[in-house]
Amino acid sequence: MAVTGDETESAATGDIPAYQLRSPNSGLAQSIVMAASPGSMQNPSSQHAEEITRKREVRLMKNREAARECRRKKKEYVKCLENRVAVLENQNKTLIEELKALKDIYCHKAE
DNA sequence: TAGCGAGCTCGTCATCTAGA
DNA sequence: TCTAGATGACGAGCTCGCTA
């Protein structure tokens, strides 16, 4: 297909990845800034809620990165397999040619 | 040219698994 | 047993090519 990952990511604006445009609240930096904002003078229960939110956002960010890495590795693996297929097909072709040549030699000797 | 389907990437959730 | 990382499944958004 003509659509690659990089093209898709920067398609919307030219330089801002598409996933960031879709989920503007998912950035870790932003969440940390929020947690450290003047809201830290709040009561314990809302601090607890903020802590939970922060932990969730950290988890989501890590999982987002993990998913990217997982997909990258999978792509690489598939590429490796495709290369291996190409190599084996070439080997197979070579062996068939070799066999044909040997058969020719053998047939001429037998005559 | 608008509408549609196919194919792709991405983020998120659920689940599995290995290590502490 | 708990936790963090890996991965499959799913839905959403985007692009591209085709067709009426």
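Just so we're on the same page: letters track the sequence lines, and every chain starts at 1. Small disclaimer: the values here were computed from a predicted structure and weren't measured.
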Engineer: Apply salt bridge (charged side-chain N to carboxylate O under 4.0 Å, His left out) to residues A:Lys62 and A:Glu65 and explain how you reach the verdict.
Structural biologist: CA-CA 5 Å; A:Lys62 281 187 178 177; A:Glu65 292 297 324; over 6 Å; no
Engineer: So, OP1 or OP2 of C:dA6: does either fall under 4.0 Å of a side-chain N or O from A:Lys74?
Structural biologist: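 Indeed not, no polar side-chain atom of A:Lys74 lies that close.
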Engineer: Give the rounded distance in Å between these two atoms: OH of A:Tyr77 and P of C:dG8.
Structural biologist: 11 Å
Engineer: Rounded to the nearest 0.5 Å, what separates atom CG in A:Asn63 from atom CZ in A:Arg68?
Structural biologist: 11.0 Å
Engineer: In whole angstrom, give the distance that lies between atom CG of A:Asn63 and atom C1' of C:dT3.
Structural biologist: 14 Å
Engineer: Classify the nucleic acid contact of A:Arg71 as base, sugar-phosphate or nothing, counting any heavy atom under 4.0 Å across all strands shown.
Structural biologist: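 Here A:Arg71 touches the bases of the nucleic acid.
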Engineer: Taking the side chain as everything from C-beta on, heavy atoms only, tell me whether A:Glu50 gets closer than 4.5 Å to A:Arg54.
Structural biologist: no
Engineer: Looking only at side-chain N and O atoms, does A:Arg68 come under 4.0 Å of OP1 or OP2 in B:dG11?
Structural biologist: yes
Engineer: Nearest whole angstrom, please: distance from the C1' of C:dA6 to the CZ of A:Arg64.
Structural biologist: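 These atoms are roughly 17 Å apart.
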Engineer: Over all strands shown, is A:Arg56 touching base, sugar-phosphate only, or nothing at heavy-atom distances under 4.0 angstrom?
Structural biologist: sugar-phosphate
Engineer: Nearest-Å distance, CD (A:Glu65) to P (C:dA4)?
Structural biologist: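 Rounded to whole Å, this separation is 17 Å.
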Engineer: Given C:dG5, B:dC10, B:dC13, identify the nucleotide with an atom nearest to the side chain of A:Lys62.
Structural biologist: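 My answer, after comparing the listed nucleotides, is C:dG5.
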Engineer: What is the distance, rounded to the nearest whole Å, between atom CD of A:Glu69 and atom P of B:dC10?
Structural biologist: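 It is 13 Å, rounded to the nearest whole Å.
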Engineer: If you only use heavy atoms from C-beta on, which nucleotide in C:dT7, B:dC13, B:dG11 is closest to the side chain of A:Lys73?
Structural biologist: C:dT7
Engineer: C:dA4 P sits how many Å from A:Leu60 CG, rounded?
Structural biologist: 14 Å
Engineer: Using 0.5 Å steps for rounding, measure from the CZ atom of A:Arg84 to the CD atom of A:Glu89.
Structural biologist: 12.0 Å
